[in-house]
There are 4 protein chains.
Amino acid sequence: MSRKSNTEARRAEIVEAMLAVMAQQGYEKATIQAVAKQAGLAPGLIHYHFKSKQEILLALVQAIARYAQQRYQTALGEAQAPVARLQAYLNAQLGLGEGAAPQMVAAWVMIGAEAVRQAEVREVYQTVIAAELASLTQMMGDCLVEAGRSRAAAPDLAAGLLALMTGAFQLSSAAQAVMPTGYAAEAAIAYAVNGIAAAPQA
Amino acid sequence: MSRKSNTEARRAEIVEAMLAVMAQQGYEKATIQAVAKQAGLAPGLIHYHFKSKQEILLALVQAIARYAQQRYQTALGEAQAPVARLQAYLNAQLGLGEGAAPQMVAAWVMIGAEAVRQAEVREVYQTVIAAELASLTQMMGDCLVEAGRSRAAAPDLAAGLLALMTGAFQLSSAAQAVMPTGYAAEAAIAYAVNGIAAAPQA
Amino acid sequence: MSRKSNTEARRAEIVEAMLAVMAQQGYEKATIQAVAKQAGLAPGLIHYHFKSKQEILLALVQAIARYAQQRYQTALGEAQAPVARLQAYLNAQLGLGEGAAPQMVAAWVMIGAEAVRQAEVREVYQTVIAAELASLTQMMGDCLVEAGRSRAAAPDLAAGLLALMTGAFQLSSAAQAVMPTGYAAEAAIAYAVNGIAAAPQA
Amino acid sequence: MSRKSNTEARRAEIVEAMLAVMAQQGYEKATIQAVAKQAGLAPGLIHYHFKSKQEILLALVQAIARYAQQRYQTALGEAQAPVARLQAYLNAQLGLGEGAAPQMVAAWVMIGAEAVRQAEVREVYQTVIAAELASLTQMMGDCLVEAGRSRAAAPDLAAGLLALMTGAFQLSSAAQAVMPTGYAAEAAIAYAVNGIAAAPQA
DNA sequence: AATGAATGAGTGTTCATTCAT
DNA sequence: GATGAATGAACACTCATTCAT
C-alpha cells in the first residue's frame, strides 16, 4: 500500500521543461524557477529529483540523443538501398529544424555552447557526437562500397557531413533570416553523393 | 591642461579581455569582474568605457568580423584564379581553429549561442553572416562561371559551405577529441569543387 | 504536504520596515539591505515577496492611505454637525505628526518628494491626494450649506486646507524647531471657519 | 599677471546646474556627472570648486534663499499699505510655481525632503524657514496693527501662511493634475485677511 | 513526495571622490 | 584651473540550493 514512486515520470517532466525553457532562454537563463513553472511544479521539487541544475542538463542531452537515435532507426527502416537510406536519414535530421522539433534543435545548439565550457557536458556531448559520427561513417561506407569505392573515404566524408548538419542547426537558430530557404538537406545530399562519386575506386 | 583620451585603446583592451574570458567561459560567466581582472583594470572602469556588458559583446563581434575580413583580403591577394582564391580563403578561415586563433573561434561559437537568445546580438551576428555569405556567393559564382556553369547554383553552394564552416568551428570547440584531424578544409574544398562540377551548364 | 503561504504577513512586515527606515532615511537611502535588517529578514527574501523596491513603496503608499482613511472614518463617527465633524477630522489628521504617527508623517513627506520624480509613485500619490481632496470638499460643502452659503466655494477652500495640512506635515518633519507649537490644527480650523463665514450666500 | 580666479563664477554655474538637475531628478539622482554635464564642465572640476556634493546643495539653499529675499524686497517696494504689501508678497511667492521659477519651486521641494534626513541641510533649511517666518510675522503684525488688532496673533497666522505656501509648492510639484487651478494665492490671502479680521482687538 | 519560504553569494551597474596629466 | 580616467564601495536584483513543514 505504499505510494508508488513517480520519480521517473517527474524526472521526464522536468527534463522536458528544461528543453522548452532552454530552447529560448539558454542554459544560464533557464533558471530552476523558470523550469519549475514550465513544468507546473514547485521549485523545491526540482532539487528533490535532481541533485543539481547541471544534472538536468545532462539528462536532457541523453534524452535528445535518444530521440535522434529513434529518428535514425525510423529513417533506416524506410529504405533498403544504402544511398536511399542515407538520403532518408539526412532528410530526417535536417528536417528537425523546420518541421518536427525546432525546440530540440535550438536546445541542441545551446547544449553545444555549454559543451565548450563545461567539461562534464562536453563529455556527454562528445559521446553523442561520436555515436552520430559512427552511424554516418557506417552509412557512408555502405554507400561507397555499393558504388564500388573504397571505404577509406568514409570517416572524413562523415565528419564533413556532421559539420554541415551542425552548422545548419546553428544557423537556423541564429541567422535563419539571412540564409536561403531549405538549402541544408540538399547541400548535405549533394556533398555526400558527389563525395562518393569522387572517391577512389576500391 | 587637458588630458588626452585613451578611451579607444582602453576599449580595445577590454574587448580583447572579453574575447579571452569568453572563449573559455562563455558570455554569462564572462563577468565584468572577470573581464576587468583579465584586462588588469578596476571593475568600475569597464563601465566608464562601455555603457553595458552587451556593448562589449557587440564590439567584440565587430572586432572578430574585422579580423575575418582582413584574413579574407589577405587570402584573396595570394591567388588570381577563382578556384585558387576560394581554396586560399577556405584554408585561411578553417585554419583559424587549428593554428591561428583558436580563442577567436571559441568566442565566435559562444557569440553564435548568444545570438540565439539576444535579439541585439542576433542582429549583428546576422550582419556578419550575411556579409560572409555574400563573399562566398561571389567567389562560388566566379568559380562556376570559370567552369562554364550557371551562377544560379552559387547561393545554395555558398550557404552549404558556410554551414560546413560554422559546424566545423562548433565541433572543433566542443568535440575536437572525437573528430578526425584536419578534415574540415578538405571537406569544404571537396564540397565546393564537386558542387561546381555537378552544376548545370550556363 | 503543502506549506501554508505567509506572503501576506511577510509583505506587511516588509512594508512596515520600509515605513520605519524611510521615515528617517528617505527612499534612496532605504536600501533593501536596510529594510531587510529592520524587518529581521534575509535580504534575498525581500525580492521573493516584492518584485522591486518600488513595489514596496507603492504598497506603503496604499497602507498609509488606508490608515488615513481609518482615521477619517473614526473622526467622522465622533460628531454629527458638519463643522464639528470637520474639526474632528482636522484634529485627527494634524495630530498625526505630534502624537499618533510621526513616522507615518515623515514617510509621507518622503513619498511626496518621490512623487515629484517617479511617475508611477506620482500616480498613486495623486490618487490619494484626490481622494483626500474629495473628502474635504464634501465636508466643506456640508459646512457651507449648513451656514446658508453656496457650495461653490468648497473646492478652493478644500484645496487650501489640503495645502495647509501638507505644508504642516513637511515643516513638522524638517523645521519643527523653528515653527510655533501646535499652530497647525488651529490654523486649519480658523482658515475653514473664517472661509465659510466669508463665503457668499447661497 | 596671474590668472584671475574664476572660482566664484564657476561655483555659481555649478550651483545653477545643480538646481536644474535636482529640480527634475532629486538630490540622489543629481549625480556629479549629471551636474557637470548640465554645466558643461568636466566632472573632475566640480570637486575642485566644492569639497563635496552636499556642499553644492548647501550653496543652492543659500542661493534660493537669496532669490526669495530679492523677491521679498521687490514686492515690498511695490506697495505701501501693510495689506497691499502682504498681498504683493504672497502673489510674488506663490506665483513662482506657475510663471517665474517652477524649477526653483521643484528644487525647493526636494531640498525640503533632504532636510528631513540630512542634519546639515536641515540646519540651513531651518534658517531660511525661520527668516521667512520672521518676515511673515512682521508683515502680519503690521496688518494687525493697521486693523486695530493685537500683534499677538501674528506668529501663528504667519506659521499657518508658511505652511499653506509650503504645501502649495509641494502639491504643485507632485499633484498639480488633481488640484484646482490658481487656488493658492487666493487661499493664502483669504486666510490672512480673514485671520486679521477675526483677531482680537488690541 | 511536495510545498514554498529562506538563504547568501554573486551579478551588472552607478557614483562620489581622487588623481595623474 | 581644468581634464577625464580611475577607484572601490555601494546598489537593486537574481538564483541555485536548502529546509521546515
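First the proteins, then the strands, lettered A, B, ... as listed; each starts at 1.
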Specify the closest pair of heavy atoms between [X] and [Y], including all atoms of both residues, with the distance to one decimal.
X	Y	value
B:Pro43	B:Ala36	CA-CB, 3.7 Å
A:Ala107	A:Leu19	CB-CD1, 3.4 Å
B:Ala174	A:Gln126	O-NE2, 3.2 Å

Can you check the [X] [atom1] to [N] [atom2] distance for me, whole Å?
X	N	atom1	atom2	result
A:Arg11	E:dA2	CZ	P	14 Å
A:Ile32	F:dT18	CD1	C1'	13 Å
C:Asn6	E:dT3	CG	C1'	12 Å
C:Lys29	F:dC11	NZ	P	8 Å
D:Tyr27	E:dC15	OH	P	13 Å
A:Ile56	F:dC15	CD1	C1'	13 Å
B:Glu28	F:dA16	CD	P	11 Å
B:Gln25	E:dG10	CD	P	14 Å

Stepwise side chain to side chain contact (heavy atoms under 4.5 Å, CB included) test for D:Gln118 and C:Lys29
CA-CA 11 Å; D:Gln118 289 194 48; C:Lys29 282 280 185 334; over 6 Å; no
Mind running a 4.0 Å heavy-atom check of residues 39-54 of chain B against DNA chain F and sending the residues that fall below it, in number order?
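Only B:Ala42, B:Gly44, B:Leu45, B:Tyr48, B:His49 qualify.
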Side-chain N or O of [X] versus OP1/OP2 of [N]: is the shortest distance under 4.0 Å?
X	N	value
B:Thr31	E:dG10	no
D:Arg10	F:dA2	yes
B:Thr7	F:dA5	yes

In dot-bracket form, 5' to 3', how is DNA chain E paired? Count Watson-Crick and G-U wobble pairs only if both distances fall under 3.5 Å, and write | where the partner sits on another strand.
.||||||||||||||||||||
Do the side chains of B:Arg117 and A:Glu28 get close enough for a salt bridge, i.e. N-O under 4.0 angstrom?
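Looking at B:Arg117 and A:Glu28, the cut-off is not met.
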Is there a donor-acceptor pair closer than 3.5 Å between any side-chain N or O of D:Glu114 and the backbone N or O of D:Val121?
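Looks like no, no N/O pair under 3.5 Å.
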Could you tell me the separation between the CD1 atom of A:Ile56 and the OH atom of A:Tyr27, rounded to the nearest 0.5 Å?
7.5 Å
Separation of A:Glu8 CD from A:His49 NE2 (nearest 0.5 Å)
10.0 Å
Do C:Glu120 and C:Gln54 have side-chain atoms, one donor and one acceptor, less than 3.5 Å apart?
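Present: a donor and an acceptor within the cut-off.
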